[in-house]
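These numbers come from a predicted model, not from an experiment. When a residue number appears, it is its place in the shown sequence, counting from 1.
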Amino acid sequence: MGKLVKLVRLNGLQFNANRDPQVYRRAVGEPFRIQALVDAGAGVRCTLRDADGQVLVTADVPAGGTFSHELKFGAPGVHVVTLVAARDGESFTQDLRLDVLAHAWVG
């Protein structure tokens, strides 16, 4: 069986945990766009959870489709969300660190 999710994007860029987090940062009130490109094998159920395990959004994504959701935060700091894609006993999990700045960087 292949991977359930072929690619995870954050703010239009391929997510890479080793990349400088500066490229993903947003100011308070600016949206983070999370996308997951699903494998063409079969549809999956995608769930986005916060650090406490609370479900933020759930969606059924058809084979070869894209899960997409935007999040905004009203307070600065580091927020961790978990993307879970599952079907028929298989699952894919990716933690995403979302850094929120108090105000936009000037300079």
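- Counting only heavy atoms from C-beta outward, the side chains of Ile34 and Leu96 approach each other to under 4.5 Å.
- Contact check for Gln14 versus Val8: no side-chain heavy atoms found under the 4.5 Å cut-off.
- In this structure, the salt bridge (charged side-chain N to carboxylate O under 4.0 Å, His left out) partners of Arg97, at least two apart in sequence or on a different chain, are Asp99.
- Hydrophobic cluster membership differs between Leu10 and Leu7, with clusters built from Ile, Leu, Val, Met, Phe, Trp and Tyr side chains linked at under 4.5 angstrom.
- Leu83 places none of its side-chain heavy atoms less than 4.5 Å from the side chain of Thr47.
- To the nearest 0.5 Å, the span separating CG on Asp50 from NE2 on His79 amounts to 10.5 Å.
- Using a 4.5 Å heavy-atom cutoff, the side chains of Asp39 and Lys3 are not in contact.
- Scanning all heavy atoms of the two residues, the minimum distance from Val5 to Ala36 falls at CG1-CB, 4.0 Å.
- Residues Leu13 and Phe67 are members of one and the same hydrophobic cluster, defined by side-chain heavy-atom contacts under 4.5 angstrom among Ile, Leu, Val, Met, Phe, Trp and Tyr.
- Outside the 6.0 Å centre-distance limit, the rings of Phe32 and Tyr24 are not counted as a close aromatic pair.
- Minimum interatomic distance between Pro31 and Glu70 (heavy atoms only, all atoms of both residues): CB-OE1, 3.6 Å.
- Side chains of Val23 and Arg25 form no contact here, defined as non-hydrogen atoms less than 4.5 Å apart.
- Using a 4.5 Å cut-off between side-chain heavy atoms of Ile, Leu, Val, Met, Phe, Trp and Tyr, with links allowed through other members, Val61 and Leu4 fall into the same hydrophobic cluster.
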Pair Glu90-Asp88, side chain to side chain contact (heavy atoms under 4.5 Å, CB included): steps then yes or no
CA-CA 6 Å; Glu90 289 182 90; Asp88 301 329; 5.5 Å; no
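- Side-chain contact between Leu98 and Leu71 is present, with at least one heavy-atom pair separated by less than 4.5 Å.
- The distance from atom CZ of Arg45 to atom CZ of Arg87, rounded to the nearest 0.5 Å, is 14.5 Å.
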Checking side chain to side chain contact (heavy atoms under 4.5 Å, CB included) for the pair Arg49/Leu56: CA distance, chi angles, key distance, verdict?
CA-CA 5 Å; Arg49 298 178 185 274; Leu56 300 172; 5.8 Å; no
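- The two residues Val44 and Ala85 have their closest heavy-atom pair at CG2-CB, 4.3 Å.
- Ala63 and Gly41 get closest at one heavy-atom pair: CB-C, 4.3 Å.
- In this structure, the separation between CZ on Arg33 and CD on Gln35 is 5.0 Å, given to the nearest 0.5 Å.
- Looking only at side-chain heavy atoms (C-beta outward), Pro76 and Leu101 stay at 4.5 Å or farther from each other.
- With sequence neighbours excluded, no residue forms a ring-ring contact (aromatic ring centres under 6.0 Å, His included) with Phe92.
- Between Thr82 and Leu48, every side-chain heavy-atom pair lies at or beyond the 4.5 Å cut-off.
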